[in-house]
Amino acid sequence: MEWGDNNNHYKTYKGDQKPMMDVALISNMDPVNIDLSSSDKPVPVNPQKPRKKTMTSVFLKFFETAADGKTRKCKFCGQSYSIATATGNLGRHLANRHPGYDKSTGEAVNNVAPRPTAVAKKSQPQTQPQPQPQPQPQPQPQSQSQPQVKANRVDYDHLNWLLIRWLVLASLPPSTLEEKWLVNSYKFLNPSIQLWSGDKYKNVLGEVFRSMKEDVKTMLEHVSSKFSITLDFWTSFEQIFYMSVTCHWIDENWCFQKLLLDISYIPYPYGGAEIYRSLIKVLKFYNIENRIMSCTHDNSQGAMQACHTLKENLDGQKIGPFCYIPCAARTLNSIIDDGLKSAKKAISKIREFVMELNASSVISEDFVQLTAAYQEGTWKFPLDFTTRWSGNYQMLDLVCKAGKSMGDVIGKYDEILDSRMLLSSADKSLVNIMHQYLEPFYKTTNNICTTKVPTVGLVLFFMDHILETSATSSESRHSPEWLKSAAEGMTEKARNYISQVSNMFTYMTAILDPRIKGELIPEGLTSENFLDEARTHFMRNYSTSHFPSMSSGYNAQETEDGGSVSFAEEIARKKRRASMNSATDELTQYLAEAPAPIPTDVLEWWKVNSTRYPRLSVMARDFLAVQATSVVPEELFCGKGDEIEKQRFCLAHDSAQAILCIKSWIQAGIKFKFKSTEIDYERLMELAATSAAATDNSPASSDKKQK
């Protein structure tokens with residue numbers, strides 16, 4: 001069972017209103033030497049002092065002297081060098097850019113730093129991004145007396161840059177590329193292939209991380225609305241404790257945006273103080289510590305303490321408001337786990353059966369035929385057997401809807417399928433009761449996972465429904481005792497969650513969802529005091545501050561003019577009263593209208609109605625960015641989360657931060673950069689395709705095909 005992808009990628013930012021993919025656009029440029037250290041760079045020689053000795057190095061035959069006698073061009077790629085450039089530097093160019101050039105002469109040249117010249121584009125200022133044409137390699141004419149060179153020679157540094165991207169997107173450590181048989185596989189394709197060392201890959205990744213991080217910082221400076229952040233935590237195989245910090249906001253086009261800020265190492269003893277110090281360091285680097293509106297944490301004690309310290313700090317500076325709330329998805333997952341405890345044994349038997357079904361095409365085909373004959377539904381393989389909620393519900397669903405087919409298959413293949421997989425009558429009864437009881441929970445999680453923007457108001461609406469469902473079962477005389485006991489614990493957890501989030505802050509967030517307003521929020525939030533506080537906050541922070549032309553302050557000079565002050569003050573008071581009445585009318589009118597249907601796209605609704613509520617829409621843009629969950633719900637409730645946890649767990653400390661951040665930023669549309677240079681992967685793939693086509697069409701390839 002799969003749920004829709006709930007990831008939302010960064011699209012636009014405030015300022016020039018350009019797509020994010022355009023923000024870091026790099027213009028055309030001459031080839032750039034992208035070195036990892038200054039020691040690898042060619043040493044410039046003064047062209048005003050010609051050398052007395054004539055250079056007769058073997059490298060010179062691979063370069064063509066220009067007509068003016070001032071420069072030399074590489075015959076392979078056209079790269080120009082001063083006539084005074086040392087032959088050692090020419091040799092490094094050949095070894096780096098054109099491995100294998102020296103096979104006929106047996107010359108050996110030291111390897112130097114990566115230099116993706118054919119795919120590098122120099123950055124333009126980010127305030128005025130302009131698209132530029134891709135750089136094209138220029139073929140060089142060759143004299144008949146000079147050695148002939150193959151026209152489509154591969155630059156193997158391009159391969160290394162492609163491997164860098166593969167490491168990032170697959171979340172693999174750089175040591176992967178040092179594995180002996182992987183290297184041998186590349187050598188089998190072409191013995192002249194030269195892969196970088198693991199240390200070089202790590203150095204390049206570190207430089208790319210720093211370059212892209214600066215771009216993220218620049219982008220956030222152009223955002224006009226408030227930010228909300230979410231925290232997630234995990235431990236790696238090295239027993240290192242990490243925290244991810246992600247920021248969320250709604251842009252001026254009413255598009256929801258999300259961007260990973262950093263992956264931070266949390267030192268021992270991993271408590272609230274350590275988490276707070278790491279968190280505030282991230283916020284200060286991006287200069288957003290004064291623009292944070294809320295923090296949604298993972299419900300752990302340390303995270304709660306860190307958020308509490310952050311709130312005290314912001315309140316002390318009178319920067320507000322700020323609120324921290326627990327993760328609704330983790331709370332709901334914990335509630336469901338409590339409900340499943342009584343069925344754990346039966347679910348384990350069903351899971352073993354499903355694993356065998358997925359492993360054998362013969363058994364699964366028989367199962368499909370039986371379910372068709374018994375009209376027990378259509379089942380798509382492989383079936384979900386993860387230990388997450390989606391997999392557990394799949395187990396219950398299988399028994400309730402295809403129990404007869406399951407029993408027949410186990411009986412037919414009793415030598416392969418252990419008879420202990422058969423469920424007793426008591427097991428089947430328990431599974432059926434549990435399936436019926438948890439069906440509303442499954443529908444709830446499915447809705448949360450597939451909703452484009454699961455707002456706080458909508459999630460509170462669902463959590464209130466969960467509370468009612470569990471409370472009803474705990475009080476029903478028809479429920480068995482084991483179910484009553486489970487439902488009581490589930491009810492208590494749901495009630496505690498709603499109690500934790502019941503405050504003026506979440507009340508405002510909920511009512512600004514046009515589907516919820518004041519009618520569908522939990523009873524604990526329906527307080528007249530919350531409504532009064534919401535009005536006060538709206539008047540204080542949104543009635544005029546975003547509309548300078550309607551404000552009415554005085555400067556120091558005006559306050560010194562005796563008679564004119566009272567007259568000006570009267571005018572100002574009238575304007576304030578008019579402004580306040582207008583603002584109050586916006587909120588009153590909004591709440592007086594009927595809620596929008598539940599399927600309504602919240603952001604699209606506000607985009608259309610922002611002209612009707614110019615002040616209230618500014619407030620809505622801030623508050624609707626507050627997150628109800630600290631993680632993407634789909635990653636918690638279904639098997640997708642297992643893959644993410646595996647990737648995080650396996651990354652070493654020396655590359656985890658760079659790889660996970662770069663991967664997230666690439667997926668969000670941020671340009672892949674090394675220092676100030678964008679690596680144009682589209683161009684790299686074009687070159688790879690051209691090289692492959694040339695190889696397939698070469699005479700040697702044709703001879704092999706004929707043989």
When you measure from the centre of the six-membered ring of Phe285, is the NZ or CZ of Lys217 closer than 6.0 Å and no more than 45° off the axis?
yes
Does the Lys NZ or Arg CZ of Arg165 fall within the cation-pi geometry relative to Tyr681 - under 6.0 Å from the ring centre and within 45° of the axis?
yes
Check the pair Lys671 / Asp215 against salt bridge (Lys or Arg N to Asp or Glu O under 4.0 Å), numbers first and verdict last.
CA-CA 9 Å; Lys671 295 291 186 180; Asp215 283 350; over 6 Å; no
Could you work out, with side-chain hydrogen bond (donor to acceptor under 3.5 Å, both in side chains) as the rule, every residue matching [X], not counting sequence neighbours?
{"X": "Asp232", "value": "Arg330, Arg648"}
{"X": "Glu238", "value": "none"}
{"X": "Lys412", "value": "Asp366"}
{"X": "Ser264", "value": "none"}

Whether [Y] and [X] form a salt bridge (side-chain N of Lys/Arg under 4.0 Å from carboxylate O of Asp/Glu) is what I want to check.
{"X": "Glu643", "Y": "Lys646", "answer": "yes"}
{"X": "Asp262", "Y": "Lys281", "answer": "no"}
{"X": "Glu686", "Y": "Arg683", "answer": "yes"}
{"X": "Arg388", "Y": "Glu645", "answer": "yes"}

Under the side chain to side chain contact (heavy atoms under 4.5 Å, CB included) test, residues paired with Glu179 that sit two or more places apart:
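Here the qualifying residues are Trp181, Leu182.
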Qualifying residues under side chain to side chain contact (heavy atoms under 4.5 Å, CB included), relative to Val183, sequence neighbours excluded
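With sequence neighbours excluded, Val183 shows a side chain to side chain contact (heavy atoms under 4.5 Å, CB included) to Lys187, Leu195, given in chain and number order.
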Applying ring-ring contact (aromatic ring centres under 6.0 Å, His included), name anything that partners [X], two or more places apart in sequence or on another chain.
{"X": "Trp166", "result": "none"}
{"X": "Phe353", "result": "none"}
{"X": "Tyr286", "result": "none"}
{"X": "Tyr268", "result": "Tyr270"}

Mind checking whether [X] and [Y] have side chains closer than 4.5 Å, heavy atoms only?
{"X": "Phe241", "Y": "Tyr265", "value": "no"}
{"X": "Trp234", "Y": "Ser244", "value": "yes"}
{"X": "Arg72", "Y": "Leu60", "value": "yes"}
{"X": "Glu274", "Y": "Pro269", "value": "yes"}
{"X": "Cys247", "Y": "Leu220", "value": "yes"}
{"X": "Asn333", "Y": "Asp337", "value": "yes"}
{"X": "Arg351", "Y": "Thr387", "value": "yes"}
{"X": "Ile410", "Y": "Asp414", "value": "no"}

Have Asp298 and Ser630 got a donor and an acceptor in their side chains that come within less than 3.5 Å?
no
Can you tell which of Asp397, Leu357, Val368 makes a side-chain contact (heavy atoms from CB on, under 4.5 Å) with Trp379?
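Testing Trp379 for a side-chain contact (heavy atoms from CB on, under 4.5 Å) against Asp397, Leu357, Val368 leaves exactly one candidate, Asp397.
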Any donor and acceptor pair, going by atom type alone, linking the side chain of [X] with main-chain N or O of [Y] inside 3.5 Å?
{"X": "Thr677", "Y": "Lys673", "value": "no"}
{"X": "Trp665", "Y": "Leu260", "value": "yes"}
{"X": "Asp157", "Y": "Leu159", "value": "no"}
{"X": "Gln657", "Y": "Ile263", "value": "yes"}
{"X": "Thr176", "Y": "Leu172", "value": "no"}
{"X": "Ser278", "Y": "Ile275", "value": "no"}
{"X": "Glu178", "Y": "Gly198", "value": "yes"}

Salt bridge (charged side-chain N to carboxylate O under 4.0 Å, His left out): which pairs involve residues 76-91, sequence neighbours left out?
none
Just grab all the side-chain hydrogen bond (donor to acceptor under 3.5 Å, both in side chains) pairs involving residues 353-365, residues at least two apart or on different chains.
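Those involving residues 353-365 are Glu365-Gln369.
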More than 12 heavy atoms from other groups under 6.0 Å of NZ on Lys180
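It does not: Lys180 NZ has 12 such atoms or fewer within range.
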Counting only heavy atoms from other residues, nucleotides and ligands, does the tally under 6.0 Å from CZ of Phe237 exceed 12?
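Yes, CZ of Phe237 has more than 12 neighbouring heavy atoms, counting only those of other groups under 6.0 Å.
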